[in-house]
Structures are given as C-alpha cells and as structure tokens.
Amino acid sequence: MEIAVASAPGKVILFGEHAVVYGRPALAAPVAQVCASAVVEAGEPGSGLILDAMDLRERVTLACAGHPLAEIARLALAELGMSEPDWRVGISSTIPIASGMGSGAAVSAALARAIATAAGRPFSAETVSALVYEVERLHHGTPSGVDNTVIAYGQPVYFKRGEAPQPFAIGAPLMLAIGDTGIASPTKVAVGDVRAGWQRETARYEALFDAVAEIVESARQAIAAGRVGELGPLMNQNHGLLREMGVSSPELDRLVEAARAAGAGGAKLSGGGRGGNMIALVTRETAATVANALSAAGARRVIVTDIG
Ligand code: PMV
C-alpha cells in the first residue's frame, strides 16, 4: 500500500559555479525534465526501513552507516523525532549521475520529503535544504550549498553562502540546451584543484572570482528585466573565467564552441566542470540546430529546457 510519494528536480548552475565556494553569488535553476522520486509503502511488521534504489539495484537499511541514503533517512527521522518505521521506500531517478545536475542532492531531497510526508508532517523547503546539505557535506567536502538550495526550493535562486537564498524573478522565459559530455566528473576533484590553485596564486584566483561575481550581478538584472539577449555574452565571459580557473576540458570547450557556431546566444560549462554538462542559450528557432550540433560534436545527451 502506497503511503507517500515525493520528488525533486535536477538543476543547472546558470552562473557563478566555483566562485560561489568562495563567498561570491551564483544563479541556479531547477530542470524539471529530469527528477528523482521516492515512493513509501507499508512494510512487513518488524522489517524496519528498507530503501530500494531501483536504478542502482541497491537495497540499503539504516544499518548501512555512511551510505548517503541511510544518512538522509536517519537525518529525516531525527528531525521528525521518530523511531525507525516499518516502511519500504522505492527510489528512482532520471537525473544523470556525476554530471553536474545534482542527482545526489535530488535523491536525498525526494527521500527526505517522502519520509516526512509519510509521517504526516511534510518538511518546509528550508528543512529539506538543510538536511540535504548535511549529506552533501559528508560526501563532497565543502559544498557551497547551492545544489541543495535550488533543488529543495524548486525555483530559480540567487545564492550566496551564509545568506538566505533569494528566489529570483524571470522577466522573460529563457531556453537552454544542456549538453552532456558523458564524462563523469566528481565535483570534489575540481573543487579541490581550484582550492590548490587559489592557495598557490591567491590574488589571481580572487580576481577571477570577483570577475565572476560581477557577471552574476549583471545576469541577475538582465534576467529580471527580461533582457535575455544580454545573457549570451555573459555566459561566454563566465566560461572564459572558468577556463582560467582550470576547470574546463577539451570536451567541454568543443561543445561550447559547437553551440556558439550553431547559433546559440552564448554557452558555458555548468557545474563542477572537467566533464559533466555545458549549457547554451537558445531560442525556439535555434534550439534544434544547436541540439543537433551538440550531438554531432560528441554530446551524449542533450536536454532542451525552459527556465522560469
Ligand atoms: O557539479 P555540481 O553541479 O554539483 O556543481 C558544483 C558547483 C560548485 O560551485 C563547483 C561547487 C559548490 O559546492 O558550489
């Protein structure tokens, strides 16, 4: 018998990745075409909580200490002040893993939400975000908090570490083509390399982060005012700065170039970099051409999505 169902979307970072770890702002948005979901059913008496990650063919219980699914379930139950229930939770996701679309955070958010809903006390977005952040911290070192925030709130956000997230207004819808290099790239590695660079050449990296921050502020104003045309050049500039931080790769650069050549307004890597995704600003008229060009340039998957 089904007791509760919950889901959480994937996400893209529009502007500001990496610099956001160092206190600069970032803009991120949910991608509803891909999502994680969790379905709670009554289990056998005495079965305890069984977490079935269907795509990974994994079955996890609370005894699996250190497993991200066990961690988020434990945190959710503690938040609710509940002892272990006899439930089976089926978890599935269409969000590509380790590609910068927030798959881990979305699975955690869906599971936490499903447990709270099944308990009859749904969590606020703020609580979901805080719980997911705890798990991200255990597994990813020093996350800025942008992933859990945009996924838990399910709307575009302007995010700055240590400040309340601000959902931002979209003056006119924007359309993105998201191209996946197909290269799995753990965010932790890219973040660690940026840290090493920053320790070696602090002034240079701080200047790069400041330049990113200016782009984020301009982009926020352009998005709010519906001046979508201004975003392409800002994406190109942000990509250039990410290259200077050393987090792009030949594959990402190839997709970015291909999108621009096919008529995208601008393009940049999105997320941790090295592999994972890039995003290109498209219109209804250019979307198909850009998507085809991305596939021809080696993208494993292209998602065209409206933001806002
Ligand atoms: O790779 P993703 O999409 O999870 O994004 C990571 C974003 C970084 O700014 C590189 C790291 C962070 O914690 O914000």
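Whatever order the structure lists ligands and atoms in, that order sets their numbers, starting from 1.
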**Item:** Salt-bridge present (K188, D193; N to O < 4.0 Å)
**Value:** no
**Asked** Among protein heavy atoms, which sits nearest to atom 7 (C) of ligand 1, and what does the distance come to when rounded to 0.1 Å?
**Response** I13 CD1, 3.5 Å
**Request:** For a side-chain hydrogen bond (donor to acceptor under 3.5 Å, both in side chains) with R24, tell me which candidate from E217, E206, E214 qualifies.
**Result:** E206
**Request:** Measure the distance from atom 4 (O) of ligand 1 to every protein heavy atom, then report the residue, atom name and distance (to 0.1 Å) of the closest one.
**Result:** D147 OD2, 2.8 Å
**Request:** Using the salt bridge (charged side-chain N to carboxylate O under 4.0 Å, His left out) rule, take D180 and R301 through it: C-alpha gap first, then chi angles, then the decisive distance, then the call.
**Result:** CA-CA 5 Å; D180 188 350; R301 191 180 30 80; 2.7 Å; yes
**Request:** Just jot down the ligand 1 atoms closer than 4.0 angstrom to any heavy atom of V146, in number order.
**Result:** 14 (O)
**Request:** Please identify which atoms of ligand 1 are closer than 4.0 Å to at least one heavy atom of G272.
**Result:** 1 (O), 2 (P), 5 (O), 6 (C), 10 (C)
**Request:** Run down the list K11, M101, E17, H18 and name the one with the heavy atom closest to atom 3 (O) of ligand 1.
**Result:** K11
**Message:** Applying ring-ring contact (aromatic ring centres under 6.0 Å, His included) to Y158 and F168, what does each step give before you reach the verdict?
**Reply:** CA-CA 6 Å; Y158 171 90; F168 65 91; 7.8 Å; no
**Prompt:** Under a single-linkage definition using a 4.5 Å side-chain heavy-atom cutoff for Ile, Leu, Val, Met, Phe, Trp and Tyr, are V39 and V60 assigned to the same hydrophobic cluster?
**Reply:** no
**Request:** For V20, counting its heavy atoms only, list the atoms of ligand 1 lying under 4.0 Å from any of them.
**Result:** 9 (O), 14 (O)
**Complete:** among protein heavy atoms, the one nearest atom 13 (O) of ligand 1 is S144 N, 2.8 Å
**Side-chain (E41) to main-chain (W87) donor-acceptor, under 3.5 angstrom** = no
**Prompt:** So which protein heavy atom does atom 6 (C) of ligand 1 come closest to, and at what separation?
**Reply:** T187 CG2, 3.5 Å
